[in-house]
Amino acid sequence: MLLPSLNNGITLLDVDGDRGVPLLQSLVLDHLLLHDGPAFWVDANGHATTTTLAQISPSQRLLNRIHVARGFTAYQHYGAVCDLPTAVNKSIRTSTIGAGAAGRGGPSRDEDTSPHTPALIVAPAVDTQYRADDTLGEIHAKTLQARTLARLSTCADGYDIPVLVTRNERNEFTESVATVADHHLECEQTRMGPRVVGEDFETLVYPVDDGAYYQTTFAYWQQLLAARATQVGVEPTTPAPSTPTPEGVGTGVTAEGETVSATADPLLDAWTATGTGGR
């Protein structure tokens with residue numbers, strides 16, 4: 001077990017000294033590999049970056065199950081969270097109609113979940129827009145953030161699923177995020193890469209072939225999720241030829257000092273277009 005499992009309820013992921021985008025996205029993709037159903041992602045501060053999602057995802061089909069909404073202001077973010085039940089109901093109607101037209105699908109990989117109901121809700125940087133909105137006073141910002149957290153908690157209880165959240169800063173303003181969380185994961189940066197610690201989980205090793213160890217860059221997450229996909233019977237997608245990744249991004253380093261490059265496979269713009277799961 002190289003990644004922690006996400007339990008029902010709100011899970012707060014705190015990443016020390018970094019936004020933790022690869023780790024956050026890896027947790028989401030790993031959960032979708034093990035559970036049926038879509039994920040609903042209310043994004044802030046650019047965490048739903050399509051390039052990194054495509055780079056570490058073992059299958060492009062997996063990305064079709066992620067529905068992204070973006071809030072660029074506090075009210076937009078709160079509105080997107082309030083619209084989650086509507087988005088879920090629309091997704092259920094669309095998927096059930098499609099399943100009826102196509103006939104009975106393949107067997108579920110998880111008997112406790114359905115391919116039609118949501119498997120996960122993601123709300124990274126849940127404090128960002130409320131902290132940065134100049135049109136809100138401090139009291140109003142805290143109130144609106146509290147209402148957002150209450151809505152997310154209601155979704156977690158109502159759909160009986162995990163809700164994964166992060167926060168940009170740890171201070172008095174975000175104490176309410178920690179208070180509402182049912183579970184807490186902390187990630188610290190070590191010489192070998194991110195180390196995750198939770199109530200029932202702790203990162204101990206980063207194994208790869210031949211007994212070597214990776215520094216946990218994009219190449220590590222890509223390999224880890226490809227192994228998980230093979231385990232659950234999802235055939236990994238062969239990466240299409242693409243332009244080289246930017247310097248310093250997407251490389252792995254073995255214990256012997258060998259550098260291994262990772263290729264990028266950016267998502268199509270249509271993935272986040274209106275009517276295809278984007279907002």
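Heavy atoms only: backbone and side chains are in, while hydrogens, waters and symmetry mates are out.
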Please report the interatomic distance [atom1]([X]) to [atom2]([Y]), rounded to the nearest 0.5 Å.
X	Y	atom1	atom2	value
Thr143	Tyr78	OG1	OH	10.5 Å
Leu29	Leu34	CG	CG	11.0 Å
His31	Ile161	NE2	CD1	7.5 Å
His35	Leu120	NE2	CG	9.5 Å
Thr94	Asn89	OG1	CG	10.5 Å
Glu138	Leu136	CD	CG	11.5 Å

Q. Side chain to side chain contact (heavy atoms under 4.5 Å, CB included) between Leu84 and Leu152: does it pass, once the steps are laid out?
A. CA-CA 9 Å; Leu84 276 172; Leu152 291 174; 4.1 Å; yes
(Q) Please evaluate residues Gln189 and Val15 with respect to the criterion side chain to side chain contact (heavy atoms under 4.5 Å, CB included), reporting the C-alpha separation (whole Å), side-chain torsions for both, the decisive distance (0.1 Å), and the verdict. (A) CA-CA 8 Å; Gln189 302 297 331; Val15 182; 3.9 Å; yes
Q.
If we check side chain to side chain donor-acceptor pair (under 3.5 Å) with Arg167, which of these qualifies: Thr128, Asp127, Asp14?
A.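 Passing option: Asp14.
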Between [X] and [Y], is there a donor-acceptor pair closer than 3.5 Å when you use the side chain of the first and the backbone of the second?
X	Y	value
Asn45	Ala125	no
Gln129	Gly71	yes
Thr73	Gln76	yes
Gln145	Phe173	yes
Ser59	Arg61	yes

Q: Take Ser57 and Leu225 through the test side chain to side chain contact (heavy atoms under 4.5 Å, CB included) and record every step on the way to the result.
A: CA-CA 7 Å; Ser57 176; Leu225 289 165; over 6 Å; no
Under 4.5 Å between side-chain heavy atoms, counting indirect links through other Ile/Leu/Val/Met/Phe/Trp/Tyr residues: same cluster for [X] and [Y] or not?
X	Y	result
Trp41	Val163	no
Val165	Val28	no
Ile56	Ile66	yes
Ile10	Leu23	no
Val88	Val122	no

Answer yes or no: are there more than 12 heavy-atom neighbours, outside [X] itself, under 6.0 Å from its atom [atom1]?
X	atom1	value
Asn171	CG	yes
Glu172	CD	no
Glu199	CD	yes
Arg170	CZ	yes
His184	NE2	yes

Q) After noting the C-alpha distance and the side-chain angles of Asp160 and Asn8, does the key distance pass the side-chain hydrogen bond (donor to acceptor under 3.5 Å, both in side chains) rule? A) CA-CA 6 Å; Asp160 199 23; Asn8 294 349; 3.0 Å; yes
Least distance between heavy atoms, [X] atom then [Y] atom:
X	Y	result
Pro85	Val81	CD-O, 4.2 Å
Leu32	Arg65	O-NH1, 3.0 Å
Cys155	Ile121	CB-CD1, 3.6 Å
Ala119	Gly37	CB-O, 3.7 Å
Thr166	Leu24	CG2-CD1, 4.0 Å
Leu27	Leu6	O-CD1, 4.2 Å

(Q) Could you check whether any side-chain heavy atom of Thr174 comes within less than 4.5 Å of a side-chain heavy atom of Arg131, counting everything from C-beta outward? (A)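 They are in contact (side-chain heavy atoms under 4.5 Å apart), so the answer is yes.
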Q. With a 3.5 Å cut-off and no angle check, do the side chains of Thr96 and His116 form a donor-acceptor pair?
A.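 The criterion, which ignores hydrogens and geometry beyond distance, is not satisfied for His116 and Thr96.
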Q: Report yes or no: do Tyr130 and Thr148 form a side-chain donor-acceptor pair below 3.5 Å?
A: yes
Q: Test Val126 against His77 for side chain to side chain contact (heavy atoms under 4.5 Å, CB included), laying out the working first.
A: CA-CA 9 Å; Val126 73; His77 189 271; 4.2 Å; yes
Q: Could you tell me whether Glu186 and Arg195 make a salt bridge, using a distance below 4.0 angstrom between a side-chain N and a carboxylate O?
A: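 A salt bridge is absent here (no side-chain N lies under 4.0 Å from a carboxylate O).
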(Q) With a 4.0 Å cut-off on N to O distance, would you call Arg228 and Asp30 a salt bridge? (A) yes
